[in-house]
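Here's the structure we're looking at; comments come further down.
Here the structure is a predicted model, which is why all the values come from computation and not from measurement.
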Amino acid sequence: MTLREHLQTLVLEVLNRKYTQVKSIRFDVSKPREKSFGDFATNVAMVAAKQLRIDPMEIAEAIAPELRSCDVIEDASVARPGFINITLTRRAYLDKLADILSTQDDEAYGYADLGQGKRVQVEFVSANPTGPLNVVNARAAAVGDALVRLLKRVGYDAQSEFYVNDSGTQVELLGESLKARFQELLGRASEIPDGGYPGTYLIDIAKKVIKLSTEADALDSGFAIASQGSPVDFLKEACSKTGQTPASIQAFIDFIATLDPSRMCHAISLYICHQTTKRAGFNAICSQLQDLKMLITPQSGERRAGGAKAADVFLGEVYDGWHFDFSRFAVEEIVEEQQRSLQRFGKRPEGGLRFDCWFRESSLTEEVDKLAQLLISDGRFIAQKDGAIWLRSTGGEESEEWVIRRSSGQPTYFLSDIAYHINKRRRGYERVIDIWGPDHHGHVKRMQRAMEIVANLLPDLNLRPDWLTILIAQQVNLLKDGKRIQMSKRGGEYVTLDDLIREVGADVARFFFLMRRCNSHLDFDIDLAKKTSDENPVYYVQYAHARICSIIDFAKKQGYEEVPQKSNLELLSADEEIDLLKALADFEDLVIASANALEPHRFTSYLIDLASKFHRFYHNHRVVTEDPEITKARLCLCLGVRTVIRSAFSIMGISAPESM
RNA sequence: GCGCCUGUAGCUCAGCAGGAUAGAGCAACGGAUUUCUAAUCCGUCGGUCGGGGGUUCGAGUCCCUCCAGGCGCGCCA
């Protein structure tokens, strides 16, 4: 139990004892701004005064003496207009330190069972698979990852998810753009389509396609020689070497068998080529055979042109209907690149920021159709107009409508987003938190409305009104030399997550993103972030940690144990020591409060404050002294600070270096 | 025009389901270390919490209104 919770129960007990008529009551036990008022203050008397119709001062005067007799409380005094100020005994804080020291795993300290194992999902970043991650994505990544870690810390079964918008117009345009880059590399005339993606990163991906086609040509001829008989037999034989033939491969073999023999080699070699660039070994190839259907779209009746190059096949110029799926290839490449970037953005020893699930929009098509049919047959929440289908909100005088199916019959993004959230619920999440970018903030309301409608439409989902929480990760302005860096997605020029990590490092970037509430606009001063000086709060905190490690090292060399046994903590009595003890005791409350508010940014100011208190302590007192008892006690204090810093950093996904 | 976010010290921001005399960091100026990490510490300067009204014992915090800045408003995603 945290100190605050403990006091809360004590106060409530006393109140109920003194005033039995008090029913349920919500009061605060908080830290007063003014230090001289004491450690905690409660407004219980003023809140109860309303219910009881008694002067709050009178209530406070009645409660205070009772509180004074509790063993953790040193003093409880009354102040106008009815506050009770509480000072705790030093013992209470020393016990808390002992508590901290007894935790086995520093990175797990501060655990609270708020969530009771409830399944919660945090979906964040969810950048379109059309280019590298940018700085807003980076911000969402920092906040979302911290949120997941925080929720786990308070007992939720929290999962992270990245939604990949891998269908629709933009993905087609992406494919067109890649195709244009490919043609460009072949030395042919080409043009990036309107609304396409002119970023240079597609050139690199196009080079991979070139490589694929070159390898396919090589394989193709070799393959044709190796399989004097039927390529299908060859494939079967190859598969049999792996032991068994899974259904997906059987399906593929069946599919290949339907092709004109002249196309088989081509198809298989293109496929193998594609797979080997992605994964090593034949087993992996076999397990992924099904993908070929998406890579190469067959149509019957054509004959292979003599001496056709794979590049021509890719472009659909040889067999009508056969072509390389530029869209899908681009999406997969970009998604992998995004995964690599995120990995670099993670905490070093843990091997990066990994999402528990990468969910593809394209996997939802059936559910989207079903949802549309259900809405239509139900009829209560839709309107048909101009040949399109609109979702209509039930709320109030102002009815709102949003298109969910275009007159072309195509579902809109909104509809699949609704289906997506239904899918999340069906996967058993009891709560879902979405972190969206600034460009989506206009859609928060309609999504919430849609959820109300879904709750009505599908009562079996048992959707509670607060099931979905949407947070907005606001815009990020990058500053360099005091000036704003202009970013243009249209021109394909913008600062990426990778740039950011390269410039300032993952720890610094994360800390800066977590310094502010996620819904406030953020000025990111790159020059400041790069400075390895006292202007940079990240190093300030990390330095405190490194200092402690260094002290402990030194103490060990003097013959002290890492965790001193039988130390007399009572010796900690200097102002700086007491300040530190109190700050340490706040941590558990901070974890709970920031988890409840979904505000991981609170840790940054706490850490800066804790580090500051530690540095002051360090400056005024030696830890390792001639007196072994004082030394042991102070070592314990240092260890407590180290544990809390490590714990906080682990929630933030920032590393705690042992030396700097 | 409609909607969302933001407005707190010269700058960047905290201010934790309204609580007491509004806090940090940076910048500016002045000091401290024969010591376990000077990436440190101490001090000074700095505020009509965008303006106005309301709710109440009490408002930076809640409500209304106005002003300023940013963003979003397609049968795009």
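Under the 90° criterion around 0 for the glycosidic angle, B:rA17 counts as syn.
Between A:Y606 and B:rA24, a side-chain N or O to OP1/OP2 separation shorter than 4.0 Å is absent. For the OP1/OP2 pair of B:rU40 and a distance below 4.0 Å, the side-chain nitrogens and oxygens of A:R547 include no atom meeting the criterion. Put simply, A:N596 has no side-chain N or O that comes within less than 4.0 Å of OP1 or OP2 on B:rA17. An OP1 or OP2 oxygen of B:rU35 is reached within less than 4.0 angstrom by no side-chain nitrogen or oxygen of A:T625. For B:rU6, the OP1/OP2 oxygens have a side-chain nitrogen or oxygen of A:R517 closer than 4.0 Å. An OP1 or OP2 oxygen of B:rC73 is reached within less than 4.0 angstrom by no side-chain nitrogen or oxygen of A:R446. Side-chain N/O atoms of A:R516 include none lying less than 4.0 angstrom from OP1 or OP2 on B:rU6. Between A:Y540 and B:rC41 there is a side-chain polar atom (N or O) within less than 4.0 angstrom of OP1 or OP2.
In terms of position along RNA chain B, the nucleotide closest to A:L522 lies nearer the 5' end than the nucleotide closest to the other residue of the pair A:F40 and A:L522. Mapped onto RNA chain B by nearest heavy atom, A:C549 and A:D28 fall at different nucleotides, with A:D28 at the one closer to the 5' end.
For the pair A:R360 and A:E332, the salt-bridge criterion is met [side-chain N within less than 4.0 Å of a carboxylate O]. Taking 4.0 Å as the cut-off between side-chain N and carboxylate O, A:D39 and A:K31 do not count as a salt-bridged pair. A salt bridge is absent between A:K613 and A:D575: the closest approach of a Lys/Arg side-chain nitrogen to an acidic carboxylate oxygen does not fall below 4.0 angstrom.
Under the Watson-Crick or G-U wobble criterion, with both distances below 3.5 Å, B:rU35 is left unpaired in every strand shown. Under the Watson-Crick or G-U wobble criterion, with both distances below 3.5 Å, B:rG43 is paired with B:rC29. With a cut-off of 3.5 Å on both pairing distances, the Watson-Crick or G-U wobble partner of B:rC57 is B:rG19. Checking B:rG7 for Watson-Crick or G-U wobble geometry (two distances, each under 3.5 Å) identifies B:rC67 as its partner. In this structure B:rC73 sits in a base pair with B:rG1, meeting the Watson-Crick or G-U test at under 3.5 Å.
Across all strands shown, A:H441 has heavy atoms under 4.0 Å from base atoms, whether or not it also approaches the sugar-phosphate. Among the heavy atoms of the strands lying under 4.0 Å from A:Y618 is at least one base atom, whether or not backbone atoms are also near. When heavy atoms are screened at a 4.0 angstrom cut-off, A:H601 is found touching the sugar-phosphate backbone but no base atom. Residue A:P81 is classed as a base contact, given a heavy-atom separation below 4.0 Å to a base. Residue-level contact check: A:D417 touches neither bases nor backbone, having no heavy atom under 4.0 Å from any strand. As judged by a 4.0 angstrom heavy-atom cut-off over every strand, A:S407 is placed among the base-contacting residues. Backbone-only engagement by A:R616 is indicated by non-hydrogen atom pairs under 4.0 Å involving sugar-phosphate atoms exclusively. Within 4.0 Å of A:N519, counting heavy atoms only, lie sugar-phosphate atoms of the nucleic acid but no base atom. Within 4.0 Å (heavy atoms only), A:H621 reaches at least one base atom of the nucleic acid. Base engagement by A:E658 is indicated by at least one non-hydrogen atom pair under 4.0 Å involving a base atom. Residue A:A79 is in base contact, counting any heavy-atom pair closer than 4.0 Å across all strands shown. A:A41 comes within contact range of at least one nucleobase, with a heavy-atom separation under 4.0 Å. Counting non-hydrogen atoms under 4.0 angstrom, A:A597 reaches nothing in the nucleic acid.
If you measure from atom CG of A:D439 to atom P of B:rC76, you get 17 Å, rounded to the nearest angstrom.
A:R153 and A:S647 are linked by a side-chain donor-acceptor pair at a separation below 3.5 angstrom, with hydrogens and angles left out of the test. A side-chain donor-acceptor contact under 3.5 Å links A:S416 and A:E361. Side-chain atoms of A:H545 and A:R646 form a donor-acceptor pair, as typed in the model, at a separation below 3.5 Å.
Judged by a 6.0 Å distance limit and a 45° cone about the ring axis, A:R446 is positioned over the six-membered ring of A:F414.
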